[in-house]
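Letters go in sequence order (proteins before strands), and every chain restarts at 1. In this text the structure is predicted, and so the values were computed from the model without any measurement.
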Amino acid sequence: MSDLLANLNPEQLAAVTLPPQHALILAGAGSGKTRVLTTRIAWLISTGQVGPHGVLAVTFTNKAAKEMLARLSAMLPINPRGMWIGTFHGLCNRLLRAHHREAGLPATFQILDSADQLSAIKRLLKNLNVDDEKYPPRELAHFINAHKEQGIRAAQAEAYDDYTRRRVELYAEYEAQCQREGVADFAELLLRTYELLCRNEPLRRHYQARFRHILVDEFQDTNVLQYKWLKLLASYGERSPAAGPSQGRTEGGDDEKTLLASDERGEGGCIFAVGDDDQSIYAFRGAEVGNMRDLEREFRIANVIRLEQNYRSHGNILDAANALIKNNRGRLGKNLWTDAGAGEPIRVFEGFSDIDEARFAVDEVRELIRDGFPPTQIALLYRSNAQSRVLEHQLFSAGVPYRVHGGLRFFDRQEVKHALAYLRLIANPDDDTAFARVVNFPTRGIGSRSVEALQEAAHRANSSLYNAAASLTGKAGAAVGQFIRLIETLRAETAALVLPEVIEHLIDRSGLRAYYLGEKEGRERLENLDELVSAATAFVQEEEGTLAHPEESDAAASFLAHASLEAGEHQAGEGQEAVQLMTVHAAKGLEFDAVFITGLEQGLFPHENSAQERDGLEEERRLMYVAVTRARRRLYLTHAQTRMLHGQTRYCLSSLFLEELPEELLRRVGATPSFAASPAPAYSAAPTRQREASTVGGFRIGQSVQHAKFGLGVIVSAEGGADARVQINFGAHGMKWLALAYAKLTPV
DNA sequence: CGTCACCTTGTTTTT
DNA sequence: CAAGGTGACG
């Protein structure tokens, strides 16, 4: 017990041993956030203040949830299974499975991942004869999700113009389609649960009374709906029933103020939120940093505890991070410090090209490994996934083992999705998304004409594709009928089998295996299908250990939910001694001895799209802050003068963020090549094509220039002739074509 | 109906 | 540069 609290610093100790009250912990990067969270739970339980039953711990990623569970298992003698620890989506799924009737969902409801959702929307638009040029499916998906994440149903959505009115109608149609098919997208899991708890008072009171302590990780990433959800669960002692949400789908509003008067809170559970506003990097998908301020105000949190001592990084790295983030406005305020000493300077490298940059990084990586850095402790970070290719190429050539995180996940592979679609159809024939996916895969003579006819019939009868199949006549009807019989046969044949056998059977009898056997690229896909069977075996075994979930007795349904909700970090090279490659987003929460942040160029990092978004640059800066604070001992910042992008060479300015770092912390390393310098740079793109020395009016491509209004830029392309003009990348000011006759350009 | 080739198009981050 | 979608052909 006292072991538990040993080695905590005063702030951590204060946070862990807070009396039962709402709390907000402002936890800087590397300040022991997870430790505080788990120790808090362990402390509460071991001091008898709460049973495992009364704990609800919410995270954003499965990895974080698993990590928490693992640490708790190590800290507590008891089995932590009684606690509800999981992601928002995972917990909502669990709740909805348990109360599917009350939530208005079939027991076997399926979860649409983003790809499924997109295809469902495309299908909807086709059915309704909506022009998908005018209403792009991706945009519509975003529109719908954004509304759901605010807790707004189509019925309440505001339509301020004709275009939006139509989108709201489509939102409503989409809701209806999902309901008919018995499917729920990611946002729906949350919204449904929220509405369920709003509407159903006994249920709400039950969970409110049960969860004495609600702990939230990465609170800065919560969206509006998630915050509402938390408030609902934490507010058992509402002042009056009328103040809380009552019948139907009430929209936030006045419930919030009355909900939380602390003197009347009665027996409501306590929220213990841990977050860092400086690490909020998911605003683009609805995360609302403002929730931290709102929590502080609405839950009357008197003293926010700040964890500012960093146990991860050396001083120079922290100084750089602090200097960078100071450029953001409206922070809650926090300054990381360490007693670990300044450490090494931050190395900055400028490459001639992206290839040059990658080569430098890989050379350094090899040196680090020679110096005894474990490969798994070396991370190569980048802003966007596309950047990994060049790095991978260099690593591969150099024979350095590496592992790429992110990218396509196991359960997103087409062959896996196909196999699972059969499983879904057996469980729920109304799942049109699954139906459409495999009705003609492998091909069985049901072409687009037949599918269209079927969709029309289904639309007329307001039924699922599956049920409409019988009404089709002619040749198409026969073919579709055969498919239906296939599904029915599969269902009958697999009824008595355990899940892995079911999947194995489906793969064989659906024709998937035969199909991929005949494909030249099919071997890997077949291996993945086998892997899917293994995954199911492992899953079932795991489930058997966890009989704490009687509500999830349907193995197929829970496996499907698992497949949708969990990325499945089944990746080759796992556990090997490999260098780690990932996006900065994916690196959040991780730490490494040595970190390379690559592609530090205007337009890439900060990304050009961020310029259009509100506070976009600040979010990019927070992203950079996250990246910098991943490093323990050594940090490299690299950028390149030219980069292949969209199949053509782009000329790049170095990132604004590099300029925001104090020069005294930096050390430029490697040669500083430039187009002007003729000697071959230390790292140059192998046999470089001879660059045409074409100059236009004294300017050449790749040259840096100064413009009175737009500042510093790089000439990207040029046109000669009578009215010669050049295209210049001005970074933050964008790309401009300027006529040399008029523009006042000064060579730099 | 199925396949292949060409064209367009869009390229940030993800539970 | 890649993937996804469309159009022409077999």
For residues [X] and [Y], establish whether the separation of their ring centroids is below 6.0 Å.
| X | Y | result |
| --- | --- | --- |
| A:His562 | A:Phe539 | yes |
| A:His585 | A:Tyr282 | yes |
| A:Tyr402 | A:Phe396 | no |

Just call it for [X]: base, sugar-phosphate, or nothing, with non-hydrogen atoms closer than 4.0 Å on any strand.
| X | value |
| --- | --- |
| A:Phe88 | nothing |
| A:Phe186 | base |
| A:Ser450 | sugar-phosphate |
| A:Lys122 | sugar-phosphate |
| A:Ile446 | sugar-phosphate |

Could you please name the option among [options] that lies closest to any side-chain atom of [X]?
| X | options | value |
| --- | --- | --- |
| A:Arg138 | B:dT15, B:dT3, B:dT11 | B:dT11 |
| A:Ala586 | B:dT13, B:dG2, B:dT14 | B:dT14 |
| A:Asn440 | B:dG2, B:dT14, B:dT15 | B:dG2 |
| A:Arg449 | B:dT15, B:dT13, B:dC1 | B:dC1 |
| A:Asn385 | B:dT15, B:dT3, B:dT14 | B:dT14 |

Write down the distance between [atom1] ([X]) and [atom2] ([N]), rounded to a whole number of angstrom.
| X | N | atom1 | atom2 | answer |
| --- | --- | --- | --- | --- |
| A:Glu218 | B:dT15 | CD | P | 13 Å |
| A:Gln279 | B:dT13 | CD | C1' | 15 Å |
| A:Glu139 | B:dT9 | CD | P | 18 Å |
| A:Asp221 | B:dT14 | CG | P | 12 Å |
| A:Leu565 | B:dT14 | CG | P | 17 Å |
| A:Leu645 | B:dT11 | CG | C1' | 8 Å |
| A:Asn62 | B:dT15 | CG | P | 8 Å |
| A:Lys126 | C:dG5 | NZ | C1' | 10 Å |

Handout entry: Short side-chain donor-acceptor distance under 3.5 Å, A:Arg123 and A:Thr433
Key =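 Present: a donor and an acceptor within the cut-off.
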
Practice task
Would you check if there is a donor-acceptor pair between the side chains of A:Asn145 and A:Gln117 at a distance under 3.5 Å?
Solution key: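 Side-chain D/A pair, A:Gln117 to A:Asn145: present.
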
Practice task
Please determine if a side-chain N or O atom of A:Thr583 lies less than 4.0 Å away from the OP1 or OP2 oxygen of B:dT14.
Solution key: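 Looking at the OP1 and OP2 atoms of B:dT14, one of them is under 4.0 Å from a side-chain N or O of A:Thr583.
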
Problem - Nearest-nucleotide comparison on DNA chain B, the residue closer to the 5′ end among A:Val451 and A:His585 - result: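 The 5'-side residue here is A:Val451.
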
Problem - Stacking of A:Phe284 on B:dT13 base (centres under 5.5 Å, planes under 30°) - result: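 Aromatic stack with B:dT13 present for A:Phe284.
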
Problem - Under the side-chain hydrogen bond (donor to acceptor under 3.5 Å, both in side chains) test, residues paired with A:Thr87 that sit two or more places apart - result: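 Checked A:Thr87 against side-chain hydrogen bond (donor to acceptor under 3.5 Å, both in side chains); zero matches.
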
